[in-house]
There are 2 protein chains.
Amino acid sequence: MTRTTGTEGRPLVPEELSDRVDCLLSKVAEAVRKDTDATFASLDIRGAHHSVLRMLGVCGPLAQKDLAARLRVDSSTIVDLVDQLEGRGLAERRRDLKDRRVYLVELTESGQRLLAAADERVGGLRRDVFAALSAAEYEQLRGLLDKLSTRWTTSA
Amino acid sequence: MTRTTGTEGRPLVPEELSDRVDCLLSKVAEAVRKDTDATFASLDIRGAHHSVLRMLGVCGPLAQKDLAARLRVDSSTIVDLVDQLEGRGLAERRRDLKDRRVYLVELTESGQRLLAAADERVGGLRRDVFAALSAAEYEQLRGLLDKLSTRWTTSA
DNA sequence: TATTGTTATACTCTATAACTATA
DNA sequence: TATAGTTATAGAGTATAACAATA
(Lines give C-alpha, C1' and ligand atoms only; values in the text may rest on other atoms or scores of the structure.)
Protein backbone atom coordinates (compact mmCIF):
# COMPACT_ATOMS: atom_id res chain seq x y z
CA MET A 1 0.00 0.00 0.00
CA THR A 2 1.40 3.32 -1.06
CA ARG A 3 0.78 6.25 1.21
CA THR A 4 -0.63 9.40 -0.33
CA THR A 5 2.20 11.91 -0.43
CA GLY A 6 0.24 14.97 -1.37
CA THR A 7 2.86 15.88 -3.96
CA GLU A 8 0.45 15.62 -6.90
CA GLY A 9 -1.01 19.04 -6.12
CA ARG A 10 1.36 20.78 -8.43
CA PRO A 11 1.07 24.55 -7.92
CA LEU A 12 4.11 26.13 -6.29
CA VAL A 13 1.86 27.26 -3.46
CA PRO A 14 -0.93 24.89 -2.39
CA GLU A 15 -4.55 25.83 -2.92
CA GLU A 16 -5.11 25.75 0.83
CA LEU A 17 -2.98 28.91 0.98
CA SER A 18 -4.28 30.59 -2.15
CA ASP A 19 -5.31 33.65 -0.15
CA ARG A 20 -1.74 34.13 1.05
CA VAL A 21 -0.16 35.95 -1.89
CA ASP A 22 2.88 36.58 0.29
CA CYS A 23 3.64 32.84 0.08
CA LEU A 24 3.49 32.85 -3.69
CA LEU A 25 5.66 35.93 -3.78
CA SER A 26 8.39 34.48 -1.58
CA LYS A 27 8.41 31.10 -3.30
CA VAL A 28 8.70 32.70 -6.73
CA ALA A 29 11.33 35.17 -5.54
CA GLU A 30 13.43 32.40 -4.03
CA ALA A 31 13.21 30.29 -7.17
CA VAL A 32 14.11 33.26 -9.34
CA ARG A 33 17.08 34.07 -7.13
CA LYS A 34 18.43 30.55 -7.54
CA ASP A 35 18.03 30.64 -11.30
CA THR A 36 19.69 34.06 -11.33
CA ASP A 37 22.63 32.76 -9.36
CA ALA A 38 22.81 29.83 -11.79
CA THR A 39 22.89 32.27 -14.70
CA PHE A 40 26.00 33.93 -13.29
CA ALA A 41 27.53 30.72 -11.90
CA SER A 42 29.81 30.03 -14.87
CA LEU A 43 31.46 33.38 -14.15
CA ASP A 44 31.90 32.18 -10.57
CA ILE A 45 29.79 34.95 -9.10
CA ARG A 46 26.26 35.23 -7.74
CA GLY A 47 23.61 37.81 -8.48
CA ALA A 48 24.61 39.78 -5.41
CA HIS A 49 28.15 40.14 -6.75
CA HIS A 50 26.88 41.38 -10.07
CA SER A 51 24.87 44.04 -8.24
CA VAL A 52 28.02 45.29 -6.54
CA LEU A 53 30.10 45.16 -9.72
CA ARG A 54 27.41 47.04 -11.64
CA MET A 55 27.11 49.73 -8.99
CA LEU A 56 30.86 50.23 -8.90
CA GLY A 57 31.05 50.21 -12.69
CA VAL A 58 28.35 52.86 -13.06
CA CYS A 59 29.01 55.05 -10.03
CA GLY A 60 32.78 54.82 -9.93
CA PRO A 61 34.80 54.43 -6.71
CA LEU A 62 32.48 54.41 -3.69
CA ALA A 63 32.90 54.27 0.05
CA GLN A 64 31.47 51.06 1.45
CA LYS A 65 28.81 53.01 3.27
CA ASP A 66 27.73 54.64 0.02
CA LEU A 67 27.79 51.28 -1.70
CA ALA A 68 25.56 49.82 0.99
CA ALA A 69 23.14 52.74 0.88
CA ARG A 70 22.86 52.64 -2.89
CA LEU A 71 22.30 48.90 -2.93
CA ARG A 72 19.81 49.17 -0.04
CA VAL A 73 21.62 46.63 2.11
CA ASP A 74 23.32 46.85 5.46
CA SER A 75 26.97 47.94 5.69
CA SER A 76 27.87 44.64 7.30
CA THR A 77 26.50 42.79 4.29
CA ILE A 78 28.85 44.71 2.00
CA VAL A 79 31.95 43.63 3.89
CA ASP A 80 31.69 40.00 2.85
CA LEU A 81 30.81 40.81 -0.75
CA VAL A 82 33.72 43.22 -1.15
CA ASP A 83 36.02 40.74 0.61
CA GLN A 84 35.08 38.12 -1.94
CA LEU A 85 35.48 40.43 -4.93
CA GLU A 86 38.79 41.72 -3.62
CA GLY A 87 39.99 38.17 -2.98
CA ARG A 88 39.42 37.41 -6.64
CA GLY A 89 41.08 40.61 -7.82
CA LEU A 90 37.84 42.04 -9.22
CA ALA A 91 37.75 45.07 -6.92
CA GLU A 92 40.17 46.95 -4.71
CA ARG A 93 39.95 48.92 -1.48
CA ARG A 94 42.09 51.99 -1.12
CA ARG A 95 42.20 54.62 1.60
CA ASP A 96 40.47 57.90 0.97
CA LEU A 97 43.23 60.50 1.42
CA LYS A 98 40.68 63.07 2.55
CA ASP A 99 39.12 60.86 5.22
CA ARG A 100 41.21 57.96 6.33
CA ARG A 101 38.27 56.18 7.94
CA VAL A 102 36.93 55.59 4.44
CA TYR A 103 37.81 52.77 2.10
CA LEU A 104 37.08 53.67 -1.49
CA VAL A 105 36.13 50.57 -3.45
CA GLU A 106 36.72 50.45 -7.18
CA LEU A 107 36.77 47.90 -9.96
CA THR A 108 40.01 46.51 -11.27
CA GLU A 109 40.44 46.02 -15.01
CA SER A 110 39.66 42.39 -14.42
CA GLY A 111 36.51 43.45 -12.59
CA GLN A 112 35.46 45.66 -15.47
CA ARG A 113 35.85 42.79 -17.89
CA LEU A 114 33.83 40.47 -15.66
CA LEU A 115 31.12 43.10 -15.28
CA ALA A 116 30.84 43.35 -19.05
CA ALA A 117 30.58 39.58 -19.35
CA ALA A 118 27.99 39.43 -16.59
CA ASP A 119 25.94 42.24 -18.10
CA GLU A 120 25.67 40.18 -21.27
CA ARG A 121 23.90 37.44 -19.31
CA VAL A 122 21.19 39.68 -17.92
CA GLY A 123 19.27 39.34 -21.17
CA GLY A 124 19.30 35.62 -20.62
CA LEU A 125 17.43 36.09 -17.37
CA ARG A 126 14.63 37.85 -19.21
CA ARG A 127 14.61 35.16 -21.88
CA ASP A 128 14.84 32.06 -19.71
CA VAL A 129 13.71 32.68 -16.14
CA PHE A 130 10.85 34.96 -17.17
CA ALA A 131 10.13 33.00 -20.34
CA ALA A 132 6.55 32.36 -19.23
CA LEU A 133 5.78 36.07 -19.46
CA SER A 134 5.27 38.08 -22.63
CA ALA A 135 7.05 41.41 -22.94
CA ALA A 136 3.86 43.19 -21.89
CA GLU A 137 3.36 40.90 -18.91
CA TYR A 138 6.97 41.32 -17.85
CA GLU A 139 6.55 45.08 -17.80
CA GLN A 140 3.24 44.66 -15.99
CA LEU A 141 4.96 42.62 -13.30
CA ARG A 142 7.74 45.15 -12.97
CA GLY A 143 5.16 47.92 -12.67
CA LEU A 144 3.10 46.12 -10.04
CA LEU A 145 6.12 45.25 -7.93
CA ASP A 146 7.33 48.80 -8.24
CA LYS A 147 3.97 50.15 -7.13
CA LEU A 148 3.91 47.75 -4.22
CA SER A 149 7.45 48.67 -3.23
CA THR A 150 6.55 52.27 -2.46
CA ARG A 151 5.33 50.98 0.91
CA TRP A 152 8.92 50.30 2.00
CA THR A 153 10.67 53.00 0.06
CA THR A 154 12.98 55.25 2.05
CA SER A 155 11.15 58.54 2.35
CA ALA A 156 14.19 60.50 3.51
CA MET B 1 31.43 69.00 4.22
CA THR B 2 28.73 66.36 4.13
CA ARG B 3 29.49 63.29 2.15
CA THR B 4 26.91 62.16 -0.36
CA THR B 5 25.28 59.07 1.05
CA GLY B 6 23.38 57.94 -2.01
CA THR B 7 20.31 57.32 0.13
CA GLU B 8 18.19 59.94 -1.62
CA GLY B 9 17.63 57.60 -4.53
CA ARG B 10 14.45 56.27 -3.06
CA PRO B 11 13.30 53.30 -5.14
CA LEU B 12 13.55 49.98 -3.30
CA VAL B 13 15.90 48.80 -6.02
CA PRO B 14 18.32 51.36 -7.47
CA GLU B 15 18.03 52.49 -11.06
CA GLU B 16 21.45 51.05 -11.77
CA LEU B 17 19.85 47.61 -11.38
CA SER B 18 16.55 48.35 -13.08
CA ASP B 19 17.13 45.53 -15.56
CA ARG B 20 17.41 43.03 -12.70
CA VAL B 21 13.76 42.32 -11.93
CA ASP B 22 14.91 39.46 -9.72
CA CYS B 23 16.27 42.07 -7.28
CA LEU B 24 12.96 43.89 -7.13
CA LEU B 25 11.16 40.61 -6.65
CA SER B 26 13.31 39.47 -3.74
CA LYS B 27 13.28 42.85 -2.01
CA VAL B 28 9.51 43.10 -2.23
CA ALA B 29 9.04 39.49 -1.17
CA GLU B 30 11.24 39.96 1.88
CA ALA B 31 9.46 43.16 2.88
CA VAL B 32 6.08 41.51 2.45
CA ARG B 33 7.18 38.55 4.54
CA LYS B 34 8.16 40.83 7.39
CA ASP B 35 4.87 42.70 7.26
CA THR B 36 3.06 39.38 7.13
CA ASP B 37 4.91 38.16 10.21
CA ALA B 38 4.03 41.44 11.90
CA THR B 39 0.37 40.91 11.04
CA PHE B 40 0.37 37.60 12.91
CA ALA B 41 2.75 38.75 15.66
CA SER B 42 0.08 39.65 18.21
CA LEU B 43 -1.02 36.02 18.03
CA ASP B 44 2.59 35.08 18.73
CA ILE B 45 3.00 33.19 15.47
CA ARG B 46 4.65 33.91 12.14
CA GLY B 47 3.28 33.44 8.66
CA ALA B 48 4.96 30.06 8.42
CA HIS B 49 3.06 28.85 11.46
CA HIS B 50 -0.22 29.98 9.99
CA SER B 51 0.56 27.99 6.85
CA VAL B 52 1.00 24.85 8.93
CA LEU B 53 -2.08 25.50 11.05
CA ARG B 54 -4.17 26.13 7.95
CA MET B 55 -2.95 22.98 6.23
CA LEU B 56 -3.70 20.90 9.31
CA GLY B 57 -7.06 22.57 9.74
CA VAL B 58 -8.12 21.91 6.16
CA CYS B 59 -6.51 18.52 5.49
CA GLY B 60 -6.93 16.98 8.91
CA PRO B 61 -4.23 14.90 10.66
CA LEU B 62 -1.20 14.55 8.41
CA ALA B 63 2.11 12.73 8.57
CA GLN B 64 4.99 15.21 8.70
CA LYS B 65 6.16 14.03 5.32
CA ASP B 66 2.73 14.75 3.84
CA LEU B 67 2.68 18.10 5.57
CA ALA B 68 6.07 18.97 4.10
CA ALA B 69 5.07 17.85 0.60
CA ARG B 70 1.82 19.77 0.67
CA LEU B 71 3.51 22.94 1.94
CA ARG B 72 6.35 22.49 -0.60
CA VAL B 73 9.08 22.62 2.03
CA ASP B 74 11.67 20.15 3.19
CA SER B 75 10.80 17.61 5.90
CA SER B 76 13.53 19.02 8.11
CA THR B 77 11.89 22.44 7.96
CA ILE B 78 8.66 20.98 9.31
CA VAL B 79 10.30 19.59 12.43
CA ASP B 80 10.99 22.98 13.99
CA LEU B 81 7.61 24.40 13.07
CA VAL B 82 5.73 21.43 14.54
CA ASP B 83 8.02 21.52 17.60
CA GLN B 84 7.04 25.12 18.18
CA LEU B 85 3.34 24.54 17.64
CA GLU B 86 3.42 21.48 19.86
CA GLY B 87 5.34 23.38 22.53
CA ARG B 88 2.53 25.91 22.66
CA GLY B 89 -0.17 23.25 22.70
CA LEU B 90 -1.52 24.23 19.29
CA ALA B 91 -0.79 20.90 17.63
CA GLU B 92 -0.04 17.37 18.73
CA ARG B 93 1.98 14.47 17.41
CA ARG B 94 0.61 10.97 17.83
CA ARG B 95 1.88 7.68 16.52
CA ASP B 96 0.16 6.18 13.51
CA LEU B 97 -1.00 2.76 14.73
CA LYS B 98 -0.73 1.35 11.21
CA ASP B 99 2.85 2.53 10.68
CA ARG B 100 4.72 3.36 13.81
CA ARG B 101 7.40 5.28 11.91
CA VAL B 102 4.78 7.93 11.24
CA TYR B 103 3.81 10.81 13.47
CA LEU B 104 0.35 12.08 12.65
CA VAL B 105 0.12 15.79 13.39
CA GLU B 106 -3.22 17.34 14.24
CA LEU B 107 -4.57 20.55 15.66
CA THR B 108 -5.62 20.78 19.25
CA GLU B 109 -8.76 22.69 20.12
CA SER B 110 -6.54 25.58 21.07
CA GLY B 111 -4.88 25.31 17.67
CA GLN B 112 -8.22 25.40 15.93
CA ARG B 113 -9.18 28.56 17.77
CA LEU B 114 -5.87 30.19 16.92
CA LEU B 115 -6.25 29.20 13.29
CA ALA B 116 -9.64 30.88 13.20
CA ALA B 117 -8.20 34.02 14.75
CA ALA B 118 -5.28 34.01 12.33
CA ASP B 119 -7.52 33.46 9.34
CA GLU B 120 -9.36 36.63 10.26
CA ARG B 121 -6.15 38.61 9.86
CA VAL B 122 -5.47 37.45 6.32
CA GLY B 123 -7.85 40.07 5.03
CA GLY B 124 -5.73 42.66 6.75
CA LEU B 125 -2.78 41.62 4.64
CA ARG B 126 -4.72 42.35 1.49
CA ARG B 127 -5.90 45.66 2.92
CA ASP B 128 -2.63 46.93 4.41
CA VAL B 129 0.43 45.29 2.87
CA PHE B 130 -1.04 45.30 -0.61
CA ALA B 131 -2.83 48.59 -0.12
CA ALA B 132 -1.00 50.17 -3.04
CA LEU B 133 -2.72 47.79 -5.45
CA SER B 134 -6.34 47.96 -6.60
CA ALA B 135 -8.40 44.77 -6.56
CA ALA B 136 -7.73 44.34 -10.26
CA GLU B 137 -4.00 44.91 -9.87
CA TYR B 138 -3.85 42.49 -6.96
CA GLU B 139 -5.40 39.77 -9.09
CA GLN B 140 -3.10 40.71 -11.95
CA LEU B 141 -0.10 40.27 -9.68
CA ARG B 142 -1.37 36.94 -8.44
CA GLY B 143 -1.92 35.82 -12.02
CA LEU B 144 1.53 36.90 -13.21
CA LEU B 145 3.29 35.23 -10.29
CA ASP B 146 1.24 32.11 -10.87
CA LYS B 147 2.15 32.06 -14.55
CA LEU B 148 5.80 32.57 -13.68
CA SER B 149 5.69 29.83 -11.07
CA THR B 150 4.92 27.11 -13.61
CA ARG B 151 8.65 27.06 -14.33
CA TRP B 152 9.33 25.49 -10.95
CA THR B 153 6.16 23.54 -10.50
CA THR B 154 6.53 19.88 -9.66
CA SER B 155 5.60 18.01 -12.83
CA ALA B 156 5.18 14.65 -11.11
C1' DT C 1 31.06 62.97 20.22
C1' DA C 2 30.04 61.06 15.71
C1' DT C 3 31.30 58.23 11.71
C1' DT C 4 33.61 54.24 8.84
C1' DG C 5 34.62 49.92 8.66
C1' DT C 6 34.86 45.47 10.87
C1' DT C 7 33.47 41.54 13.58
C1' DA C 8 30.35 38.79 16.03
C1' DT C 9 25.95 37.43 16.57
C1' DA C 10 21.36 36.42 15.41
C1' DC C 11 17.20 35.30 12.92
C1' DT C 12 14.64 34.52 8.54
C1' DC C 13 14.48 31.13 4.61
C1' DT C 14 16.32 27.13 2.33
C1' DA C 15 18.30 22.28 1.78
C1' DT C 16 21.67 17.98 2.34
C1' DA C 17 23.63 14.22 4.93
C1' DA C 18 23.72 11.14 8.58
C1' DC C 19 21.48 8.90 12.15
C1' DT C 20 17.24 6.11 14.67
C1' DA C 21 13.53 3.50 14.62
C1' DT C 22 10.50 0.98 11.96
C1' DA C 23 8.80 -1.44 7.84
C1' DT D 1 16.75 -2.31 1.62
C1' DA D 2 13.62 1.45 2.04
C1' DT D 3 11.01 4.99 4.58
C1' DA D 4 9.62 8.55 8.54
C1' DG D 5 11.36 11.41 11.54
C1' DT D 6 15.21 13.82 13.75
C1' DT D 7 19.51 16.26 14.18
C1' DA D 8 23.38 18.76 12.70
C1' DT D 9 25.27 21.50 9.43
C1' DA D 10 25.44 24.72 5.83
C1' DG D 11 24.28 28.21 2.49
C1' DA D 12 21.34 32.12 0.93
C1' DG D 13 19.07 36.39 2.73
C1' DT D 14 18.41 39.89 6.39
C1' DA D 15 19.91 42.91 10.35
C1' DT D 16 21.75 44.76 15.22
C1' DA D 17 25.36 45.76 18.55
C1' DA D 18 29.95 46.52 19.92
C1' DC D 19 34.56 47.84 18.86
C1' DA D 20 38.94 50.29 16.67
C1' DA D 21 40.50 53.84 14.07
C1' DT D 22 39.61 58.30 12.61
C1' DA D 23 37.27 62.75 12.33
Side-chain angles (χ1 to χ4, degrees), chain A residues 1-7 12-13 22-23 25-38 40-41 45-49 51 62-69 71-84 86 93-105 152, chain B residues 1-7 12 22-23 25-38 40-41 45-49 51-52 62-69 71-84 86 93-105 152:
Chain A
M1 164 190 154
T2 311
R3 174 173 294 276
T4 293
T5 65
T7 323
L12 194 59
V13 161
D22 62 289
C23 290
L25 200 46
S26 61
K27 287 283 183 196
V28 168
E30 181 67 7
V32 166
R33 186 193 61 77
K34 284 182 182 171
D35 277 10
T36 300
D37 285 352
F40 293 119
I45 61 173
R46 285 176 285 120
H49 296 113
S51 300
L62 289 173
Q64 290 186 190
K65 189 200 173 188
D66 292 353
L67 197 48
L71 291 172
R72 280 81 163 141
V73 296
D74 196 83
S75 306
S76 60
T77 304
I78 291 294
V79 177
D80 273 342
L81 291 170
V82 173
D83 279 351
Q84 289 156 12
E86 194 170 34
R93 286 174 169 99
R94 65 179 159 81
R95 285 284 181 188
D96 184 344
L97 300 178
K98 296 170 187 165
D99 184 344
R100 291 176 52 207
R101 293 173 301 183
V102 171
Y103 279 114
L104 290 174
V105 188
W152 307 278
Chain B
M1 162 190 156
T2 311
R3 175 173 292 277
T4 292
T5 65
T7 322
L12 193 59
D22 61 291
C23 291
L25 200 46
S26 60
K27 287 281 184 199
V28 169
E30 182 65 8
V32 166
R33 186 191 61 76
K34 284 181 184 172
D35 278 10
T36 300
D37 286 352
F40 292 119
I45 60 173
R46 285 176 284 120
H49 297 114
S51 299
V52 177
L62 288 173
Q64 290 187 191
K65 188 199 172 188
D66 291 354
L67 196 48
L71 291 172
R72 280 80 165 140
V73 297
D74 196 83
S75 307
S76 60
T77 305
I78 291 293
V79 177
D80 274 340
L81 292 171
V82 174
D83 279 352
Q84 289 156 12
E86 193 170 36
R93 287 175 168 99
R94 64 178 159 82
R95 285 286 183 186
D96 185 345
L97 300 179
K98 295 171 188 166
D99 183 343
R100 290 177 51 207
R101 294 172 302 183
V102 172
Y103 279 114
L104 289 175
V105 188
W152 307 278

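Lettering of chains follows the sequences in order, A, B, ..., and the numbering in each one begins at 1. Below, all heavy atoms of this structure are taken into account, side chains as well, without hydrogens, waters or symmetry copies. The shown structure was predicted, so the numbers you read here are calculated from the model rather than taken from an experiment.
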Worksheet item: Going by modelled atom types, is there a donor-acceptor pair between the base of D:dT3 and the side chain of B:R101 at under 3.5 Å?
Response: yes
Worksheet item: Within 45° of the six-membered ring axis of B:Y103 and under 6.0 Å from that ring's centre, is NZ or CZ of B:R95 located there?
Response: yes
Discussion item. Which heavy atom of B:W152 sits nearest to which heavy atom of A:L12, and what is that distance?
Written reply: O-CD1, 3.9 Å
Practice prompt. Could you check how far CZ of A:R33 sits from P of C:dT12, rounded to whole Å?
Written response: 18 Å
Discussion item. OP1 or OP2 of C:dA23 versus the side-chain N and O atoms of B:K98: is any pair under 4.0 Å?
Written reply: no
Discussion item. What is the separation between atom CD on A:Q84 and atom P on D:dG13, rounded to the nearest whole Å?
Written reply: 9 Å
Discussion item. When you measure only distances, ignoring hydrogens and angles, does the side chain of A:S76 come within 3.5 Å of the base of D:dT16 through a donor and an acceptor?
Written reply: yes
Worksheet item: Rounded to the Å, how far apart are B:L67 CG and D:dG5 C1'?
Response: 13 Å
Discussion item. Determine whether a donor-acceptor pair (N or O, by modelled atom type, separation under 3.5 Å) exists between the side chain of A:D22 and the backbone of B:T36.
Written reply: no
Practice prompt. Starting from P on D:dA21, measure out to CD on A:Q64 and report it in whole angstrom.
Written response: 17 Å
Worksheet item: Is B:R95 touching bases, backbone alone, or none of the nucleic acid, heavy atoms closer than 4.0 Å?
Response: nothing
Discussion item. Measure NZ/A:K34 against P/C:dT14 and give the value in whole Å, please.
Written reply: 9 Å
Worksheet item: Expressed in angstrom and rounded to an integer, what is the separation of B:I78 atom CD1 from C:dT16 atom C1'?
Response: 16 Å
Discussion item. Tell me which one of A:D83, A:L62, A:L67 satisfies side-chain contact (heavy atoms from CB on, under 4.5 Å) with A:I78.
Written reply: A:L67
Worksheet item: CG of B:D37 versus P of D:dA15: gap in Å, rounded?
Response: 15 Å
